[in-house]
Amino acid sequence: MDGLQAEVLGYLDGSILGPTILANSGDLLQVEFNNSLTEASNIHWHGIFAPANMDGHPRDIVPAGGTKIYNFEILNRAGTYWYHPHPDMRTAEQAYGGLAGFLIVSDQEEQALLLPSGIYDIPLVIQDKNVDANGQFPYILDSNDQKNGLLGNRVIINGLHAPFIEVNSGWYRFRLLNGSNARLYNLSFTNGYPMNIIGTDGGLLAYPEQVNSIILSPGERADILVDLSKLVAGDEFFLQSEAFPGS
């Protein structure tokens, strides 16, 4: 971070986050998990209807050096889901270390809506880390963290601090995931662009809901559409977390 390289856990070498898995409802998902950690781990498919022995329950752990094949049919509606470890008493630290990723499901109902896709469909994992002077983010809990959960001193998006992208004029779909251990976010855009919520944890909504901000607690997702057709070259805007109502 800021020119320094952090040591992380990852599903791929050198990556702080796992790959985004794209699937259609009805597909057969098959993932081979080789545990190269020095401790037990597994994969929990958060929000996905999976058989009990495929769901990543703490009792179904994969020991260090072990392998498990996850194999099941995707039965969910279109939506933004994710995966992370779920070993007993180790979930928070392993997810904080980088073991998490998107599982994005599509179906015919969603495809018929002609929603923004390709470069106009952007998944964003929002996490906070305690970054030290060496650019590392050790998982060290003080007495307050042990009661309330760890709150980091830096917020990162898709594994990067203060990233930015160039966008075109038009509609964009942002898939927001709060991948933090304990921090809540009250998300809005600095220029006041309204958010049209089209999906939440359970998939697409029956109708979009226009809001100016949205609160996400850890593990929650929101699919939003944003109209950037009024942008002109050189315009800048930022996704930010505002103070909470009444605070």
Side-chain angles (χ1 to χ4, degrees), residues 7-13 15-23 27-77 79-105 123-130 137-141 145-152 156 158-159 175-185 200-203 216-222:
E7 295 182 7
V8 301
L9 304 179
Y11 291 111
L12 295 174
D13 290 342
S15 175
I16 191 175
L17 293 169
T20 295
I21 300 173
L22 303 177
D27 283 352
L28 181 65
L29 179 69
Q30 181 168 307
V31 173
E32 180 177 326
F33 174 54
N34 299 302
N35 184 8
S36 299
L37 302 177
T38 57
E39 61 178 310
S41 188
N42 61 4
I43 301 179
H44 169 61
W45 309 97
H46 195 119
I48 292 293
F49 303 132
N53 64 339
M54 294 285 121
D55 188 50
H57 190 279
R59 67 171 174 263
D60 294 321
I61 58 173
V62 180
T67 296
K68 180 179 178 65
I69 303 293
Y70 292 93
N71 193 330
F72 57 91
E73 183 181 358
I74 299 292
L75 301 176
N76 290 69
R77 299 172 60 234
T80 301
Y81 308 95
W82 66 302
Y83 60 91
H84 58 78
H86 216 316
D88 188 34
M89 303 299 292
R90 298 295 295 160
T91 298
E93 183 168 354
Q94 289 189 7
Y96 174 88
L99 295 180
F102 277 107
L103 171 53
I104 294 176
V105 177
L124 299 175
V125 184
I126 308 169
Q127 301 168 299
D128 61 339
K129 308 291 185 187
N130 258 337
F137 40 90
Y139 188 79
I140 300 174
L141 304 180
D145 293 333
Q146 291 174 351
K147 292 185 295 184
N148 301 315
L150 185 145
L151 297 177
I156 64 175
N158 292 352
R175 301 173 186 263
L176 307 176
L177 160 62
N178 182 352
S180 300
N181 284 31
R183 188 178 296 278
L184 281 71
Y185 300 97
T200 58
D201 294 358
L216 290 183
S217 59
E220 282 193 309
R221 287 89 65 206

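Of the possible polar contacts, one joining the N158 side chain to the P123 backbone as a donor-acceptor pair under 3.5 Å is found. Formation of a donor-acceptor pair under 3.5 Å by the D128 side chain with backbone atoms of R183 is not found in this model. In this structure, W45 contributes its side chain and L103 its backbone to no donor-acceptor pair below 3.5 Å. Between the side chain of R221 and the backbone N or O of T200 there is no donor-acceptor pair closer than 3.5 Å. A side-chain donor-acceptor contact under 3.5 Å links H44 to the backbone of D55. A donor-acceptor distance shorter than 3.5 angstrom exists from the side chain of N181 to the backbone of A92, with no hydrogens or angles considered. No donor-acceptor pair under 3.5 Å is formed between the side chain of N71 and the backbone N or O of Q30. In this structure a side-chain-to-backbone donor-acceptor pair under 3.5 Å is missing from N34 to G65. The backbone N or O of G66 lies less than 3.5 Å from no partner atom in the side chain of N35, so there is not a single donor-acceptor pair.
Atoms CG and CG, from D201 and L216 in turn, are 8.5 Å apart once rounded to the nearest 0.5 Å. Atom CG of L17 is separated from atom OG1 of T20 by 8.5 Å, given to the nearest 0.5 angstrom. The distance from atom CG of N76 to atom CG of D27, rounded to the nearest 0.5 Å, is 12.0 Å.
For the pair M54/K68, a side-chain contact is recorded, criterion being any heavy-atom separation below 4.5 Å from C-beta on. Residues L176 and E220 have side chains not in contact (no heavy-atom distance under 4.5 Å, counting atoms from C-beta outward). Contact of the L177 side chain with the T80 side chain is not registered, since no non-hydrogen atoms from C-beta on lie closer than 4.5 Å. Looking at heavy atoms from C-beta onward, L184 lies in side-chain contact with S217 at the 4.5 angstrom threshold. Contact of the L9 side chain with the L37 side chain is registered, since non-hydrogen atoms from C-beta on lie closer than 4.5 Å. By the 4.5 Å heavy-atom criterion applied to side chains, R175 and I104 are counted as neighbours.
In this view, Y96 and F137, Y139 satisfy the ring pair (Phe, Tyr, Trp, His ring centres under 6.0 Å) rule, not counting sequence neighbours. D88 is linked by a side chain to side chain donor-acceptor pair (under 3.5 Å) to nothing, counting only residues two or more places apart in sequence or in another chain. For the ring pair (Phe, Tyr, Trp, His ring centres under 6.0 Å) test, no residue two or more places apart in sequence or in another chain qualifies with Y81.
Here the shortest heavy-atom pairing between L150 and D145 reads CA-OD1, 3.8 Å. N53 and D60 get closest at one heavy-atom pair: CA-OD2, 3.8 Å. The two residues N130 and P138 come nearest to each other via the heavy atoms O-CD, 3.8 Å.
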Working note: K129 + I156, criterion side-chain contact (heavy atoms from CB on, under 4.5 Å); need CA distance, chi angles, decisive distance, verdict. CA-CA 7 Å; K129 308 291 185 187; I156 64 175; 3.7 Å; yes
Show your reasoning for whether side-chain contact (heavy atoms from CB on, under 4.5 Å) applies to H86 and R59. CA-CA 9 Å; H86 216 316; R59 67 171 174 263; over 6 Å; no
Under the side-chain contact (heavy atoms from CB on, under 4.5 Å) rule, what do E32 and T67 come out as? Steps first, then yes or no, please. CA-CA 7 Å; E32 180 177 326; T67 296; 3.9 Å; yes
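The closest side-chain donor-acceptor pair between S41 and Q94 falls under 3.5 angstrom. Residues S180 and Y185 bring a donor and an acceptor atom of their side chains to less than 3.5 Å of each other.
Ring planes of F33 and Y70: tilted class, angle from 30 to 60°.
Here H46 and H84 bring their ring centres to under 6.0 angstrom of each other. Checked against a 6.0 Å centroid threshold, the rings of Y83 and Y11 count as neighbours. A distance of 6.0 Å or more separates the ring centres of W82 and F102.
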